[in-house]
Amino acid sequence: MTAAIPQTADLPSQYNPFETEPKWQRFWEEKGFYVADPSAPGDPFSMVLPPPNVTGNLHMGHAFAFTLPDVVTRYKRMRGYNVLWVPGTDHASIAVHTILENQLRQEGKSRFDLGREAFLERAWAWKEQSQGTIKGQLRRLGLSLDWSRDRFTMDEGLNRAVIEAFVRLYEAGLIYRGEYLVNWCPATQSAVSDIELDDKEVKGHLWHFRYPLAADPKQYLVVATTRPETMLGDTAVAVNPTDERYRHLIGQQIKLPIKDRLIPIIGDEYVDASFGSGCVKITPAHDPNDFEIGKRHHLPFINILNKDGTLNENGDPFTGLDRFVARKKVVQWFEEHGLLEKVEDYTHTVPHSDRGGVPIEPLLSIQWFCDVSGMAARCLEEERLNTSPRFVPERWTKVYTGWLEKLRPWCISRQLWWGHQIPAWYPVIEGQIPEDPQAFVVARHEQEALTKAREKFGAEVESVQQDPDVLDTWFSSGLWPFSTLGWPDETEDFKRYYPNSLMSTGFDIIFFWVARMTMMGSQFTGRIPFKDVYINGLVRDEHGAKMSKSKGNGIDPLELLDKYGTDALRYALVKEVVGAGQDVRLAYDRKTGESASVEAARNFANKIWNASRFVLMNLEGQSPAQLGFPSSEHLELADRWILSRLHSTTAQVIQELETYGLGEGARLLYSLIWDDFCDWYIELVKPRLRGEDITSKRTAQQVLATVLESILKLLHPWMPHITEEIWQLLTQTAQATSIAVQPYPESDPAWVDPVLEQEFALVIQTISSLRNLRAEAGLKPNQSITAILLTTDLTEQSILTRAQAYIQDLTKAESLQITGSLATEPKQVAAGVVGTIQVLMPLAGLVDLEALRVKLQKDIAKLEKEAQGIRSRLENPNFISKANPEVVQTNREQLAELEAQMQLLQVRLQKLG
RNA sequence: GGGCGGUUAGCUCAGCGGUAGAGCGCCUGCCUUACAAGCAGGAUGUCACUGGUUCAAGUCCAGUACCGCCCACCA
């Protein structure tokens, strides 16, 4: 039994996405269309969703970045691939900390007041809430995710994967504990990685200090600094060894002001003799470059800072002061002692902590590091040999390899609570943990740690205490492509779907994430975890600016979803993309909350809806399957034309989808649907549907049904809901299946007929010309005309004759004469020209002859301008001799045609008198 | 300092060697039984600038300017 086809009256004339979309979202999920089956046939096509942070809501960037791969996924599924798209969310250690600690601050508390356990409870509660919101939003975007495989970076399985990865890296000698300069964020009191920094331009000063020589305090060297307080930790002054001014001083000593410490003058190539005074103060414990120099010259490392950004005992006499207060005091000291040479205004960039929002301090501390040099080298080798992964667009490859080439050890520990606690334990002996930083064991769990600790440190180990730090969030993210598939176990999913086919993400996290995944993937699975990397662009605001929280210029996707529907937003975003990875700008009016581009997409959806409504009401309740495909001998000109357009567009769309041309595909379909199908085919077919000729009517129904069904399938990856809604109505499958799992249309070259399309273009132009004449003459839409198409070209005559009914119908011509010559010339006639065809519309009664004249003159002038261009080309002997003969020939023909057309119009002009 | 994008109609953008395009907006008619979220018709451009290659250049090459990103930063 099939459901009754709704009558036209049942279908509103405006498409309502708000009823439709949730219905199909539920349907897809309940019926499990997107649940992958590793035992099912088909080449695998697998992806993991870049897991959104559990920090609140999805933003426009998510909507965009997730819709793009959804288009690809839906296409691949319809192409018969065995598709898996794994959803999930990320615990986002630092980001969640920031949110929760802000909340606590408002309650007048800190996380330390709460304690680790209570804080984590809050974190889990927050995660639950945020995750629920995000999942709802992902569903609302209509993404074809396999929710049965939903993961969270801190769920049991992934936790196990993280510990396993850490242990294996440690056992391979790639994870170690060491002292190093880390980017220290005094606000969050944690180390942060290089890529969690945000450079901000700051207007500061460059202070020039006099450093007296120990041998002769009246002589001094001038050093400059933007961070005066660090001088308390200076352990040398460096000059360039080739610098004639200072070469003789190398080896002598400076008496460091305030501290009265003797520090050496050293020579190092790093110093640029041409910058400033050519002397550099060296603070190995608080500057990355100085750190390197300090190591080269075996200088002492003096740490002057506490973790909260105040000065420690080494900062005496400013111990306990905040770094910025100490800065002023140091400057004041130099000033008072006549050692301040000068102060310059100086604008420079200062690295700030992304999350903490304050300037970071390079700080010497004991952290956990991961040596990634071997992994990076393997990734570079893969890229060199196999160009794997393949970046789309290709230009991002350089960004990726460039970063891998200059990697430093990765600081993976964070002094936070929310995250994966580092699986390292310290032995407790006599109630104490040994001071030796290397006294620890790495284990999968506490029991194993205790055993190992006793083996290593003896039976006197009473217990073990786990390192309180958590891992950098990107550590677990790096495992995402395989940890989600069940790694470290050899699961069916892992065997079937790894490596992933595609990774779709933003350029801003090529370093953070893509490179970490390829490194971890190569380390643990021996393979690059994905074949292609599609790098999407940004969604910019209405002014072309990057949307960001700090600027507050974000556009809320939910607002647009509420206003226009999911399909409209999806289509509007993707249609703007050019090639792959280009940024898109979203039209938006902040006063009204309206978006012209999303509205245009909504209108497109409505157009599809109404075209479908027209088709449905004319099929007399028959489904495409019931109607069957029309037999070839019954096909009329318009039928063959629309089928040709369908098949040629299908070929182009498939071509685009295969090369990630998602925007191009969207635009091709827009034109096929709106221009070809709605404006022409449907209009042409109307008389046949109302007419007496049963065969012609049935053929039209068959073509309408088959073309509409193909169009729906073609468009489904971009606009999944409306296509599902209409497809269900059209095919009357009673929700037994989904358009999402129907085969994607194929292009049959047998139906593509370029000659026919060209001929049909002539018909279209002729109709347009007549419509133009009607409009120019000021005729009412329902007023009928008489028309004459005059041409001596027999082919054109034949085409026009075949299309005579179409022309008459679409131009309201009650009589239409197609002829090679006229027995009697009409007196007053509006005229246009198409090809060699004179398009004539005789006008009875009062007409504005002057208007007709002006119109003809304008047409002639236009043609003349065109002809002039071609003529000058043909008059150039070099063009004749050097250009491709075919091009020359074409130009000659074009000129001849233009001249003939002008001639015809001239004649008409003269006849007007 | 290095690198990557971009500069085409009022706005947002296609086009990437042979006659300047789309959507939105604008103008003129139309509520024509699919659609006024629509239909028909129309107007609109020194294709940033300067050179070069070519018979031919928004289209290829070089440089310049401006806009936007990314990376690295000289203390």
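A, B, ... follow the sequence lines: proteins, then strands. Residue 1 opens every chain. When reading the values below, keep in mind they use all heavy atoms of this one structure, side chains included, and skip hydrogens, waters and symmetry mates.
Taking the side chain of A:Ser13 as heavy atoms from C-beta on, and the options B:A75, B:G5, B:C35, the nearest nucleotide is B:C35. The listed nucleotides are B:G18, B:U19, B:A75; the one nearest the side chain of A:Gln894 is B:U19.
Here A:Lys406 does not reach the OP1 or OP2 of B:A72: none of its side-chain N or O atoms lies under 4.0 Å away. In terms of phosphate contacts, A:Arg540 brings no side-chain nitrogen or oxygen within less than 4.0 Å of OP1 or OP2 of B:G68. The side chain of A:Lys780 contributes an N or O atom lying less than 4.0 Å from OP1 or OP2 of B:C30.
Donor-acceptor pairing under 3.5 Å is lacking for the side chains of A:His286 and A:Glu361. Between the side chains of A:Glu620 and A:Gln701, at least one donor-acceptor pair of N or O atoms lies under 3.5 Å. Using modelled atom types, one finds no donor on one side chain facing an acceptor on the other under 3.5 Å when comparing A:Gln652 with A:Glu656. Counted by atom type alone, A:Lys855 and A:Asn772 present one or more donor-acceptor pairs between their side chains at under 3.5 Å.
Stem analysis of RNA chain B (Watson-Crick or G-U pairs, both distances under 3.5 Å, runs of at least three) returns B:1-7 with B:65-71, B:10-13 with B:21-24, B:26-30 with B:38-42, B:48-52 with B:60-64.
Under the stacking definition used here (centres under 5.5 Å, planes under 30°), the residue A:Phe879 fails to qualify as stacked on the base of B:C55.
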In B/S/- notation (B base, S sugar-phosphate only, - none; protein heavy atoms under 4.0 Å), nucleotides 37-42 of chain B written 5' to 3' is BSSSSS

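Glycosidic conformation, B:G58: syn, with the torsion inside 90° of 0.
With sequence neighbours excluded, the residues that form a ring-ring contact (aromatic ring centres under 6.0 Å, His included) with A:His721 are A:Trp28.
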